[in-house]
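As structure tokens, the structure follows; a few thoughts come after it.
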Protein chains: 2
Amino acid sequence: MIKNKKNYHHGDLREQLLEAVRQLIESHGPDGFSIAEACRAAGVSTAAPYRHFRDREDILKGVILSAMTRMGSAMQEAADAHPPGNPERIVALGHAYVGFARREPGVFALMFGQAGQHSDDPQLAEEGEGKFAIVLRVVADHLGRAMDDPEVTARAYALWCAVHGHCFLVLDGKTDETKIDIDEDAYLRLVGSAFLPPR
Amino acid sequence: MIKNKKNYHHGDLREQLLEAVRQLIESHGPDGFSIAEACRAAGVSTAAPYRHFRDREDILKGVILSAMTRMGSAMQEAADAHPPGNPERIVALGHAYVGFARREPGVFALMFGQAGQHSDDPQLAEEGEGKFAIVLRVVADHLGRAMDDPEVTARAYALWCAVHGHCFLVLDGKTDETKIDIDEDAYLRLVGSAFLPPR
DNA sequence: AAATAAAGTTAGCGCCGCTAACTTGAATCG
DNA sequence: CGATTCAAGTTAGCGGCGCTAACTTTATTT
């Protein structure tokens with residue numbers, strides 16, 4: 001009994017709703033969407049989503065989860081583009097992180113901007129730790145130490161903070177034109193060398 | 001004709017509503033509040049707020065604005081606690097910033113977590129630039145350079161990012177117990193010395 | 001004291017999240 | 001293969017919310 005959802009009434013409504021919500025979030029902001037609007041986009045009644053999701057929160061969790069894996073893949077890919085120990089690896093990782101935030105600003109804000117609203121979900125927590133593990137790996141390789149070395153943890157965390165904070169400031173428009181004007185590549189190289197001296 | 005709002009029907013409903021909303025945001029999250037609930041808390045009808053605010057967004061703007069000045073004061077106070085050039089100044093500034101985020105996590109998320117939803121408001125933008133100016137001032141003093149020196153801008157921005165990002169990770173619960181476990185003071189000293197070497 | 005204007009009220013519209021009860025149709029099975 | 005089952009749709013409706021219109025109350029102005 002393999003459930004092939006394409007053979008049911010609508011097709012894969014679940015995925016289509018997630019995609020519709022994702023698009024609405026990108027065009028109207030993280031809270032500027034409604035389930036009803038997503039239903040209209042998917043061409044179903046407003047009661048249909050509740051066959052696939054518990055409630056609104058559950059839908060958002062679905063959107064976040066798929067975004068997490070997309071972001072994780074982008075980061076892993078960036079890390080794999082350079083050999084371990086190469087400083088370019090850290091820069092590339094930063095670009096991947098910021099790139100995702102720029103590409104999907106609404107979803108990025110949803111993932112991280114809600115004051116830990118979803119931090120209690122084990123599935124999301126696991127995905128999050130997976131992404132930090134990529135940073136840990138790269139930093140550990142760079143320093144030639146173990147991933148659980150306190151020095152590695154501290155520097156990886158600092159790197160994460162610096163890039164993460166930059167993303168929010170970018171999305172908030174603080175870096176636009178007249179305001180601060182930051183060269184992103186230069187910034188990422190600065191934080192990379194600040195926390196991981198070539199030595 | 002001095003408008004003393006205390007002499008009207010309710011008193012200063014405007015301020016009481018802002019306070020009620022602030023508390024609701026802290027207890028139920030940035031989007032977990034409703035105007036109706038704030039009205040109940042203030043003991044007025046649900047139509048009353050519209051004598052003082054254009055709409056929901058305008059109320060939020062009011063909450064954010066008062067929070068901005070509170071945060072700015074805390075930062076200024078921290079900076080003033082140490083003489084210019086003293087590295088403790090930067091650490092204190094960081095503690096003030098993170099302290100505010102910890103004290104008012106909901107409002108902090110509201111201020112910065114909405115993907116630049118309020119970045120187009122000139123009043124808010126001005127307050128935001130004022131806070132960055134404090135950081136610029138401290139960094140310029142430390143390096144003995146002008147506030148508009150590119151080196152100062154770059155390092156001040158990096159500091160801001162590192163602290164800002166840390167706040168979000170804290171609020172998202174990434175630093176809790178089993179997860180990452182960061183010594184905040186050590187972290188702030190690390191980023192301080194990383195971007196502002198004693199030289 | 002009357003007029004004015006500020007700041008409340010009630011009533012109500014339309015949208016939304018969500019549920020209950022019903023219907024449809026694909027997969028399973030005697 | 002026809003009957004059965006059950007996943008996945010539907011419509012109808014409740015209560016809450018944001019917001020507006022129209023009315024009422026009360027402080028200030030003249």
Side-chain angles (χ1 to χ4, degrees), chain A residues 1-64 106 110 114 117-118 121, chain B residues 1-64 106 110 114 117-118 121:
Chain A
M1 179 183 169
I2 295 164
K3 294 187 190 179
N4 184 353
K5 297 191 176 175
K6 301 228 168 186
N7 296 336
Y8 280 117
H9 303 222
H10 176 96
D12 55 346
L13 178 58
R14 198 192 131 92
E15 293 309 313
Q16 264 185 255
L17 279 174
L18 287 178
E19 176 58 20
V21 168
R22 200 189 62 76
Q23 281 179 237
L24 285 172
I25 286 174
E26 289 308 335
S27 54
H28 304 123
D31 1 323
F33 95 100
S34 70
I35 297 177
E37 210 168 345
C39 288
R40 262 171 258 135
V44 295
S45 75
T46 60
Y50 299 92
R51 300 288 155 193
H52 301 275
F53 301 96
R54 204 178 326 111
D55 55 15
R56 192 187 147 98
E57 267 305 298
D58 198 33
I59 297 179
L60 289 180
K61 191 191 138 188
V63 172
I64 292 176
L110 180 69
Q114 307 289 96
Q117 199 155 327
H118 314 97
D121 185 280
Chain B
M1 178 185 169
I2 296 165
K3 295 185 188 179
N4 184 351
K5 298 192 174 175
K6 300 230 168 186
N7 296 336
Y8 280 115
H9 304 221
H10 177 96
D12 55 346
L13 178 58
R14 197 192 131 92
E15 293 308 313
Q16 264 186 255
L17 279 174
L18 287 179
E19 177 56 21
V21 168
R22 200 189 63 75
Q23 280 180 236
L24 285 172
I25 285 174
E26 289 308 335
S27 54
H28 303 121
D31 0 324
F33 95 99
S34 69
I35 298 177
E37 210 167 346
C39 288
R40 263 170 256 136
V44 295
S45 75
T46 60
Y50 299 93
R51 300 288 155 193
H52 302 275
F53 301 97
R54 204 180 326 112
D55 55 14
R56 191 187 148 99
E57 266 305 298
D58 198 34
I59 298 180
L60 289 181
K61 190 191 137 185
V63 172
I64 291 176
L110 179 69
Q114 306 290 95
Q117 200 157 324
H118 315 96
D121 186 279

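Throughout, a chain's letter reflects where its sequence line sits, starting with A, and its residues are numbered from 1.
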Could you tell me the separation between the [atom1] atom of [X] and the [atom2] atom of [N], rounded to a whole number of Å?
X	N	atom1	atom2	result
B:I59	D:dG18	CD1	P	8 Å
B:R56	D:dG18	CZ	C1'	9 Å
A:H28	C:dC16	NE2	P	12 Å
B:E15	C:dA7	CD	P	13 Å
A:R54	C:dT19	CZ	P	11 Å
A:D58	C:dG17	CG	C1'	14 Å

Subject >> Closest listed nucleotide, where the reference is the side chain of B:A48 and the choices are C:dG8, D:dG18, D:dT10 >> reply: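 That would be C:dG8.
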Original post:
Going through the distances and angles, do A:Q23 and A:E26 end up as a side chain to side chain contact (heavy atoms under 4.5 Å, CB included)?
Top reply: CA-CA 5 Å; A:Q23 281 179 237; A:E26 289 308 335; 5.7 Å; no
**OP:** Decide yes or no for B:I35 and B:F53: does some side-chain heavy atom of the first lie under 4.5 Å from some side-chain heavy atom of the second?
**Re:**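 The answer is no, as the side chains (C-beta and beyond) never meet within the 4.5 Å cut-off.
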Original post:
At under 4.0 Å between heavy atoms, what does B:A47 touch on the DNA or RNA strands: base, sugar-phosphate, or nothing?
Top reply: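 Base contact.
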Original post:
Using a cut-off of 4.0 Å on non-hydrogen atoms, how would the nucleic acid contact of B:S34 be classed: base, sugar-phosphate, or nothing?
Top reply: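 Sugar-phosphate, backbone atoms only, no base.
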Original post:
Pick the nucleotide of DNA chain C nearest each of A:A36 and A:R51; which residue has the one closer to the 5' end?
Top reply: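 Whichever sits nearer the 5' end wins; that is A:A36.
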**OP:** Take B:S45 and A:I35, find for each the nucleotide of DNA chain C with the closest heavy atom, and name the residue whose nucleotide sits nearer the 5' end.
**Re:**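 Final value for this comparison: B:S45.
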Original post:
Looking only at heavy atoms, what is the nearest atom pair of B:L110 and B:H118, with distance?
Top reply: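 What the structure gives for the nearest pair is O-CE1, 4.0 Å.
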Original post:
Any side-chain N or O of A:R40 under 4.0 Å from OP1/OP2 of C:dC16?
Top reply: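 Yes, such a contact exists.
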**OP:** Report yes if at least one side-chain N or O of A:H52 is closer than 4.0 Å to OP1 or OP2 of D:dA7; otherwise report no.
**Re:**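 No.
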**OP:** Using a strict 4.0 Å threshold on nitrogen-to-oxygen distance, state whether A:E37 and A:R40 make a salt bridge.
**Re:**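 Judged by the 4.0 Å cut-off on N to carboxylate O distance, A:E37 and A:R40 do not form a salt bridge.
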